[in-house]
Amino acid sequence: MKIALLGGTFNPLHIGHCMLADTVITELGYDKVLFIPTFIPPHKQLNTKVTPEQRLAMLRKFCDSAVIDGKRIFEAEDCEIKRGGVSYTYDTLKYVCDNYELDQKPAFIMGQEVAAQFDKWYQSEKIVEIADLIIAKRHPDNNGIDVKGFANTPSGDYAADYEDQSLLDNFPYKVTILENPVFPVSSTEIRSRIANKKGFRYLVPDAVFSYICENNLYGFTK
């Protein structure tokens, strides 16, 4: 099986994530994309009271709803939440290599804003030995929405998202640059919209919207 990994906080999962995964399946010929929610991200402090288990539940709801002709092309993998502690990509890739039937190296999908800081990642040189890298385009705009108070805080020597992407000009490893549609949406903006009673209905998949409403996440009230 040809598998690609899409990691992140998914706080919450939005249509940009979904379209990115679909593009990898459709245009790069992967059989399945694993959505892997972090437990504790190494590069930022989460600004939310939503639990890892709730983020995982939203992913599972979406993946269950995305079955096409009986085929499951998306799967929510809970290895990082089960492992606990800081979630390192290298450990997750080793887990996937040991626990999935693979025809070739798994691929790891990353946005251009985090790829620019790949040199700071734990075991980055070993990551490229056991996985292929796919870099996706991202959109830094928040559509004029005030996201102060909703943004995550960078940890350690990591920069904020989109602060410096110049390193991509001389990325030292072989990568596939994905020509994916770029949606001007972010999880930060969605959290702000929900808390401020603004529309967000069509920025997330139906299953995620229902879960947010049913569980009153991110300050949602009916």
Side-chain angles (χ1 to χ4, degrees), residues 5-18 20-21 32-67 72 74-96 99 108-111 113-114 121-122 138 142 145-156 158 160-161 185-222:
L5 286 65
L6 181 57
T9 54
F10 302 113
N11 192 31
L13 177 80
H14 57 66
I15 58 171
H17 297 130
C18 304
L20 173 56
K32 180 176 289 188
V33 170
L34 302 181
F35 286 83
I36 306 179
T38 58
F39 185 69
I40 299 175
H43 61 288
K44 59 186 175 184
Q45 298 175 12
L46 298 186
N47 184 338
T48 181
K49 293 182 179 179
V50 173
T51 68
E53 290 75 19
Q54 288 173 318
R55 292 188 282 112
L56 174 64
M58 283 188 277
L59 283 173
R60 283 177 168 162
K61 292 283 187 181
F62 164 69
C63 292
D64 288 345
S65 71
V67 176
R72 297 181 63 88
F74 302 142
E75 180 180 333
E77 169 57 67
D78 64 358
C79 64
E80 293 190 353
I81 291 177
K82 283 184 175 179
R83 193 162 65 233
V86 177
S87 301
Y88 291 113
T89 296
Y90 176 66
D91 295 336
T92 298
L93 283 166
K94 288 196 300 180
Y95 173 86
V96 169
N99 290 276
F108 182 75
I109 308 164
M110 65 178 95
E113 80 285 4
V114 294
W121 286 28
Y122 172 72
R138 292 284 302 275
N142 287 307
I145 296 294
D146 183 3
V147 297
K148 291 180 181 178
F150 298 93
N152 300 312
T153 303
S155 298
Y158 285 93
D161 288 354
V185 59
S186 70
S187 296
T188 303
E189 178 190 344
I190 292 170
R191 293 196 300 272
S192 176
R193 283 183 169 275
I194 295 171
N196 288 288
K197 308 299 185 288
K198 294 182 179 291
F200 75 101
R201 171 69 182 83
Y202 297 104
L203 297 178
V204 297
D206 289 345
V208 172
F209 177 78
S210 297
Y211 189 90
I212 290 172
C213 296
E214 291 167 2
N215 293 276
N216 300 318
L217 301 187
Y218 309 111
F220 177 83
T221 55
K222 296 181 180 178

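Reckoned from all heavy atoms, side chains included, excluding hydrogens, waters and symmetry mates. The model shown is predicted, which means the values in this text are computed figures rather than measured ones.
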Where is the tightest heavy-atom contact between R83 and Y88, given as atom of each residue plus distance? NH2-O, 3.6 Å
Here the gap from Y218 atom OH to K49 atom NZ, rounded to the nearest 0.5 Å, amounts to 14.0 Å
With side chain to side chain contact (heavy atoms under 4.5 Å, CB included) as the criterion, how do R55 and I81 come out once you've worked through the C-alpha distance, each side chain's angles and the decisive distance to 0.1 Å? CA-CA 10 Å; R55 292 188 282 112; I81 291 177; 5.6 Å; no
Point-to-point distance, once rounded to the nearest 0.5 Å, from CG of L203 to CG of L13: 12.0 Å
Which atom pairs, donor and acceptor, lie under 3.5 Å between side-chain atoms of residues 204-215 and protein residues at least two apart or in another chain?
residue : atom : partner : partner atom : Å
D206    : OD1  : R201    : NH1          : 3.2
D206    : OD1  : R201    : NH2          : 3.0
S210    : OG   : D206    : O            : 3.2
N215    : ND2  : Y211    : O            : 2.9

Closest non-hydrogen atoms of P37 and E77, given as atom of the first, atom of the second and distance, are CD-O, 3.3 Å
Looking only at heavy atoms, what is the nearest atom pair of A76 and R60, with distance? CB-CG, 3.6 Å
Does the R193 side chain pair with the main chain of G199, one donor and one acceptor, at a distance under 3.5 Å? yes
Rounded to the nearest 0.5 Å, what's the gap from CG on L5 to CD1 on I109? Could you check? 7.5 Å
Can you name the closest pair of heavy atoms from C79 and T92 and give their distance? SG-CG2, 3.8 Å
State whether the side chain of S87 and the backbone N or O of P41 hold a donor-acceptor pair below 3.5 Å, judged by distance alone. no
So OH of Y95 and NZ of K82: to nearest 0.5 Å the spacing works out to 6.0 Å
Under the rule for side chain to side chain donor-acceptor pair (under 3.5 Å), what residues qualify as partners of K32, not counting sequence neighbours? E75
Sequence neighbours excluded, the answer for side chain to side chain donor-acceptor pair (under 3.5 Å) partners of N216 is none
With respect to E80, which candidate in L56, T38, D91 satisfies the side-chain contact (heavy atoms from CB on, under 4.5 Å) definition? T38
Between atom CZ of F200 and atom CD1 of I194, what is the distance when rounded to the nearest 0.5 Å? 4.0 Å
Taking side chain as C-beta onward, heavy atoms only, is M58 less than 4.5 Å from L217? yes
Once the angle between the rings of F74 and F35 is folded into 0 to 90°, is it parallel (under 30°), tilted (30 to 60°) or perpendicular (over 60°)? perpendicular
Within the structure provided, determine whether S186 and R191 are in side-chain contact (heavy-atom separation under 4.5 Å). no
From N11 atom CG to T51 atom OG1, the distance as rounded to the nearest 0.5 Å: 9.5 Å
